[in-house]
Structures are given as C-alpha cells and as structure tokens.
S.K.: 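Sending over a structure as structure tokens; questions will come in a sec.
For reference, positions follow the sequence shown, starting with 1.
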Amino acid sequence: MLPQTGGGGHFPQVAVKLELHEVCSPWRTKSAAVPTNQGTREDTPGEDAMKLQKILFSFHGRIGRRTYWLAILALIVAVQVLTFAPFLLESEGWAVLIVALTSQFIWLLSLWPIVAVGSKRLHDRNKNGWWLLAFWLLPVALFVGGFSIVFFDDPRTGQSGDFSTGSILIFASLPPALWGIVELGILPGTRGPNLYGADPAQQLT
C-alpha cells in the first residue's frame with residue numbers, strides 16, 4: 001500500500017500510473033522518440049571523395065563489376081589525356097620532348113590505382129590480389145617478349161628475329177589475358193560476406 005500524503009491525496013500513486021502508461025503504451029512509436037530525419041542523410045561531397053579515394057588507392061575491401069569497369073575506363077582515359085595533351089601545344093618539338101619526359105612517369109603513377117582496383121575486384125571473387133600476376137603480368141611479359149623476338153634485328157651480326165618462336169609467345173599470352181578479362185570484368189562476385197569483406201551489392205541496397 002502506497003503512503004498517503006497530507007490532506008488524504010494519493011499523488012505518488014497517480015505519478016506511478018502515469019509513468020507506467022508512458023513506458024507501456026502501444027502508441028509510443030519509434031518516430032516519436034527518434035527524429036524521422038535520421039537515416040535519410042545523403043552522402044556529403046567529402047564522403048564521396050573518401051569513397052573514390054578508397055576505390056582508387058586502397059587494397060582492402062571488394063568492388064563489383066560496374067565499379068571495376070568505370071574505374072578502369074576512367075584511368076585509361078585520364079592517362080591518355082595526360083600523355084597526348086602536349087600535342088595540343090603550338091610547338092610540336094616541345095610536345096614531343098614533354099611526352100618523352102612525362103609519358104613513362106604518368107604510366108608508372110597509374111599502376112597503383114590500376115592494381116588497387118584489380119585487387120579489390122579479385123577480392124569480390126574471393127581470390128587473392130596476387131592473381132593479377134597471372135592475369136596481367138604474365139600476358140604482358142609473353143607478348144612483349146614475343147614481339148621483341150619477332151622484330152629483333154642486330155645489324156652488327158646480321159642476326160634477325162625468330163618469327164616462329166615470337167609468334168608462339170604472342171599467342172601464348174592470349175589465354176591468361178582473356179581469362180583475366182572474364183574473371184575480373186564478367187563473372188559475378190561471391191554472394192554475401194567472404195574473406196575480404198562485405199558484399200558490395202548488399203551494401204548498395
């Protein structure tokens with residue numbers, strides 16, 4: 001029995017009933033306790049920049065096929081523009097000199113984001129990023145080696161290139177290169193989380 005206050009009132013009992021009503025009332029919805037504008041906040045430009053930075057420079061996480069193709073195409077266009085922009089100058093001699101000095105440096109700078117994007121795409125396939133050696137480095141090495149053998153010419157000794165050997169190396173570069181295109185750009189990623197992170201398709205929904 002609750003104690004009575006002076007004057008025969010039952011104020012403590014009334015206060016307890018009101019408090020229980022506020023806690024147990026079925027009409028007390030989540031929106032009444034939490035502002036409805038939370039959870040609908042759009043990404044700020046700074047957050048978008050952080051996502052872009054992670055896509056291009058981070059080796060952690062996973063990306064889907066669409067993000068992979070967009071990143072690769074954007075990198076190729078950017079490198080081509082930076083490489084051939086000097087030709088727009090009035091002096092062709094200066095353009096050739098600038099291209100000779102900067103083109104190799106630009107390509108070297110582009111290797112980091114290209115490898116980072118490829119690694120995250122392999123992560124989406126639940127594969128280690130070192131598979132890029134088989135999909136990219138091996139085909140390039142075989143093609144360049146075969147091309148060099150075919151067109152090798154030493155005027156001092158009169159030795160010319162070996163067309164058959166070079167052709168074999170060039171054709172040998174095609175299977176790993178084609179499989180790399182299929183693996184990185186066509187096949188879907190694993191569903192749900194894997195060893196390298198959450199499913200990027202689920203994060204978009």
Side-chain angles (χ1 to χ4, degrees), residues 48-85 99-100 102-154 159-205:
D48 292 338
M50 289 298 295
K51 291 179 180 179
L52 182 61
Q53 182 180 1
K54 181 178 180 180
I55 291 173
L56 294 180
F57 300 105
S58 175
F59 287 84
H60 302 285
R62 301 165 55 182
I63 58 174
R65 289 168 290 182
R66 181 175 179 272
T67 303
Y68 169 78
W69 281 115
L70 289 176
I72 290 295
L73 292 176
L75 288 170
I76 292 176
V77 171
V79 170
Q80 295 298 325
V81 169
L82 292 175
T83 300
F84 294 101
V99 169
T102 61
S103 60
Q104 300 301 320
F105 182 68
I106 292 173
W107 279 103
L108 287 175
L109 288 179
S110 67
L111 286 179
W112 183 284
I114 289 176
V115 174
V117 170
S119 296
K120 288 193 291 293
R121 180 67 188 110
L122 284 173
H123 293 170
D124 193 40
R125 295 280 301 145
N126 206 25
K127 288 181 169 59
N128 194 287
W130 288 104
W131 276 97
L132 289 178
L133 295 177
F135 295 145
W136 286 354
L137 184 60
L138 178 61
V140 170
L142 289 174
F143 182 83
V144 172
F147 192 82
S148 301
I149 292 175
V150 169
F151 292 96
F152 176 80
D153 187 13
D154 190 351
Q159 185 179 359
S160 59
D162 187 349
F163 180 80
S164 59
T165 303
S167 299
I168 292 174
L169 292 179
I170 291 175
F171 282 107
S173 69
L174 294 179
L178 293 176
W179 182 246
I181 295 175
V182 173
E183 186 75 27
L184 292 168
I186 298 178
L187 294 179
T190 56
R191 293 186 178 182
N194 62 15
L195 295 175
Y196 301 97
D199 189 347
Q202 293 180 352
Q203 291 179 342
L204 294 176
T205 59

S.K.: Ignoring hydrogens, what is the shortest heavy-atom contact between Gly64 and Pro200? Give both atom names and the distance.
M.R.: N-CG, 4.0 Å
S.K.: Using salt bridge (charged side-chain N to carboxylate O under 4.0 Å, His left out) as the criterion, list what pairs up with Arg125, not counting sequence neighbours.
M.R.: Glu183
S.K.: Quick one, Val150 and Leu169 - any side-chain contact, counting heavy atoms below 4.5 Å?
M.R.: no
S.K.: Any chance you could measure Leu187, atom CG, to Ile181, atom CD1, to the nearest 0.5 Å?
M.R.: 12.0 Å
S.K.: So does Trp136 have more than 12 non-hydrogen atoms from other groups sitting under 6.0 Å from CH2?
M.R.: yes
S.K.: Would you call the rings of Phe151 and Phe147 parallel, tilted or perpendicular, where under 30° means parallel and over 60° means perpendicular?
M.R.: tilted
S.K.: Working to the nearest 0.5 Å, report the span between CG of Leu138 and CG of Leu133.
M.R.: 9.0 Å
S.K.: On a heavy-atom basis, which atom in Ala71 and which in Ile55 lie closest, and how many Å separate them?
M.R.: CB-CG2, 4.3 Å
S.K.: Rounded to the nearest 0.5 Å, what separation is found between the CD1 atom of Ile63 and the CH2 atom of Trp69?
M.R.: 11.5 Å
S.K.: Determine the minimum heavy-atom distance between Arg62 and Gly197, stating which atoms define it.
M.R.: NH1-O, 3.1 Å
S.K.: Measuring only between side-chain heavy atoms, which start at C-beta, is Tyr196 closer than 4.5 Å to Asn128?
M.R.: yes
S.K.: So, does Arg65 use its side chain to make a donor-acceptor pair with the main chain of Gly185 at under 3.5 Å?
M.R.: no
S.K.: Would you mind reporting whether Leu122 and Trp130 have side-chain heavy atoms less than 4.5 Å apart?
M.R.: no
S.K.: Sort and list the pairs that fulfil side-chain hydrogen bond (donor to acceptor under 3.5 Å, both in side chains) and have at least one residue in residues 108-123, not counting sequence neighbours.
M.R.: Arg121-Asp124
S.K.: Could you report the tightest heavy-atom contact between Ala177 and Pro139, atom names first, then the distance?
M.R.: N-CG, 3.6 Å
S.K.: Which value, rounded to the nearest 0.5 Å, describes the distance between Leu137 atom CG and Trp131 atom CH2?
M.R.: 14.0 Å
S.K.: Of all the heavy-atom pairs spanning Leu195 and Asn126, show the shortest one and how long it is.
M.R.: N-OD1, 3.5 Å
S.K.: Can you spot which of Ile114, Leu111, Leu70 makes a side chain to side chain contact (heavy atoms under 4.5 Å, CB included) with Leu75?
M.R.: Ile114
S.K.: Of all the heavy-atom pairs spanning Ser173 and Leu142, show the shortest one and how long it is.
M.R.: CB-CB, 3.7 Å
